[in-house]
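Indexing begins at 1, ligand by ligand and atom by atom, following the structure's order. In what follows, every heavy atom counts, from backbone to side chain, and hydrogens, waters and symmetry copies are set aside. In this chain, numbering begins with 1 at the start of the sequence shown.
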Amino acid sequence: MILLGIDTSCDDTSASVVKDRTQILSNIVSSQTDIHAKFGGIVPELASRRHIEMIVPIVNEAMQQAAVSFSDLAAVAVCHGPGLIGSLLVGCSFAKAVCFSQDVPLVGVNHLEGHILSLFLEEKRPEFPFLSLIVSGGHTSLYIAEGYGKYTELGRTRDDAAGEAFDKVSKLLGLEYPGGPVIDRLAREGNPQAIRFPRAYLPESFDFSFSGLKTAVLNHRMKHGMNPAHIPDIAASFQSAVVDVLVRKSEWAIKKKGIKRLTLSGGVSANSLLRMKMREMGKDRGVEVYIPSKELCTDNAAMIAAAGYHHAIEKDFAHLDLNPRAYLPL
Ligand code: KG4
Ligand code: ZN
């Protein structure tokens, strides 16, 4: 069963062709970093306009690279939320137009389900049930996944998402957007113990909080000024605080829920320290830890097609009046 996946939820225009949930025939991602970088964050109106320019060439490229035609498709799976409404509208409108004109069924996929099921595109796949930690620019949430479509949220961030904290701290330090990759790189040259930034463990809760940490970095900068030589130490100390919280919370969830499988997904799961510390924790606790390859951590349409597969199998198709939703719980 061949599915075309489309994701325009945020600032990447992506189209992908996936066979039988697991086999990626193409996965094209057009990043908009160049247009948003000078603003230090995503400008929604610019994101929508770029999606409009890119959606046709990106879908064509995905179809050509996969060497399939629209008549080969069992369905088109499109991300219809959560995300930026103007961005989502472009992908949804385009997907509906393809389905209407080519007489192909439409599947609406929640972006978060895409992140959870991104692991099924890897050779090593988790069995249900597993704990799933999504850490991205828009979300930091912990779920129990008991089967396809059966996800129970245990906790979520009460303020900033982990990726948002990376992006905001990067801006505070006068670094580039997106902040995650640059902090990850600079942290390798810094001392993670140089500054003891706070860790919000929120005892007895599966929730997260990163806004206090961001404020602590701002206060440190105001108190000590901005000596460029200290930036790697600040980056390393900040990153280590985020990673400590994510690892300790996951460890606690494993203990409380007695589930010995954990998946990590979303853009922040590309972070090298997080990948290493999570794997170490898994080894110590006898837990299988699954982390996607870096291309599948950040937003991509292959994960939308992979998640669309079980909806298509169950004939859980959307009508052509499917509307995108900025807020769409799983
Ligand atoms: O999943 P994603 O592509 O988009 C959302 O759904 O939000 O995640 C983007 C986020 C950004 O905040 C970016 O700074 C962060 O992922 N990110 C990283 C790394 N690579 C991307 N954060 C930490 N370390 C990285 N290596
Ligand atoms: Zn995402």
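- Cation-pi check for K171 over Y177 is not met; the charged atom does not lie both under 6.0 angstrom from the ring centroid and within 45 degrees of its normal.
- Taking a cut-off of under 4.0 Å to the non-hydrogen atoms of P178, the atoms of ligand 1 that pass are 14 (O).
- For ligand 1, the atoms sitting less than 4.0 Å from at least one non-hydrogen atom of H115 are 1 (O), 6 (O), numbered in the order shown with element in parentheses.
- Between D12 and ligand 1, not a single N/O pair is under 3.5 Å apart.
- If you check the side chains of S170 and D167, you find no donor sitting under 3.5 Å from an acceptor.
- No part of H139 comes within 4.0 Å of ligand 1, judged by heavy-atom distances.
- Here the CG-CG distance, from L133 to L274, works out to 7.5 Å after rounding to the nearest 0.5 Å.
- When only non-hydrogen protein atoms are considered, atom 20 (N) of ligand 1 lies nearest to G267 O, 3.5 Å.
- Vertex the Zn ion (ligand 2), arms ending at NE2 of H115 and NE2 of H111: the angle is 100° after rounding to 10 degrees.
- The protein heavy atom nearest to atom 6 (O) of ligand 1 is D299 OD1, 3.1 Å.
- At a cut-off of 2.8 Å, C10 does not coordinate the Zn ion (ligand 2) through any N, O or S atom.
- Looking at E251 and K255, no side-chain N of the basic residue comes within less than 4.0 Å of a carboxylate O on the acidic one, giving no salt bridge.
- Atom numbering of ligand 1 starts at 1 in the shown order; those under 4.0 Å from a heavy atom of G163 are 12 (O).
- For ligand 1, the polar-atom distance check against F166 finds no nitrogen or oxygen pair separated by under 3.5 Å.
- Here the heavy atom of the protein found nearest to atom 24 (N) of ligand 1 is N271 ND2, 3.0 Å.
- Scanning the protein heavy atoms around atom 26 (N) of ligand 1, the nearest turns out to be D184 OD2, 2.9 Å.
- A salt bridge does not link K283 to E280: none of the charged side-chain nitrogens sits closer than 4.0 Å to a carboxylate oxygen.
- Within the structure, the closest approach of H111 to ligand 1 falls below 4.0 Å when heavy atoms are considered.
- If you number the atoms of ligand 1 from 1 as listed, the ones under 4.0 Å from a heavy atom of G138 come out as 7 (O).
- Close contacts of ligand 1 with T298, meaning ligand atoms under 4.0 Å from a residue heavy atom, involve 3 (O).
- In this structure, F128 has its ring center closer than 6.0 angstrom to the ring center of F120.
- In this model, a donor atom of one side chain and an acceptor atom of the other lie less than 3.5 Å apart for R199 and S240.
- Each of the atoms 11 (C), 12 (O), 13 (C), 14 (O) of ligand 1 lies under 4.0 Å from some heavy atom of D167.
- N300 and S14 form no side-chain donor-acceptor contact under 3.5 Å, judged by distance and modelled atom types alone.
- Annotation for ligand 1: atoms under 4.0 Å from non-hydrogen atoms of G137 are 5 (C), 7 (O), 8 (O), 9 (C), 10 (C), 12 (O).
- Nearest heavy atoms, A145 versus I116: CB-CG2, 4.5 Å.
- Between the CZ atom of R221 and the CD1 atom of I231 there is a distance of 9.5 Å, given to the nearest 0.5 Å.
- Q239 pairs in a side chain to side chain contact (heavy atoms under 4.5 Å, CB included) with only one of the listed residues (D244, V169, L273, L186), which is L273.
- Going from atom CD of Q102 over to atom CG of L73 covers 8.5 Å, rounded to the nearest 0.5 Å.
- Summary: OD1 is the N/O/S atom of D299 found nearest to the Zn ion (ligand 2).
- Closest to atom 18 (C) of ligand 1 among all protein heavy atoms lies G180 CA, 3.4 Å.
- In terms of polar-atom proximity, defined here as any N/O pair under 3.5 Å, S272 makes no such contact with ligand 1.
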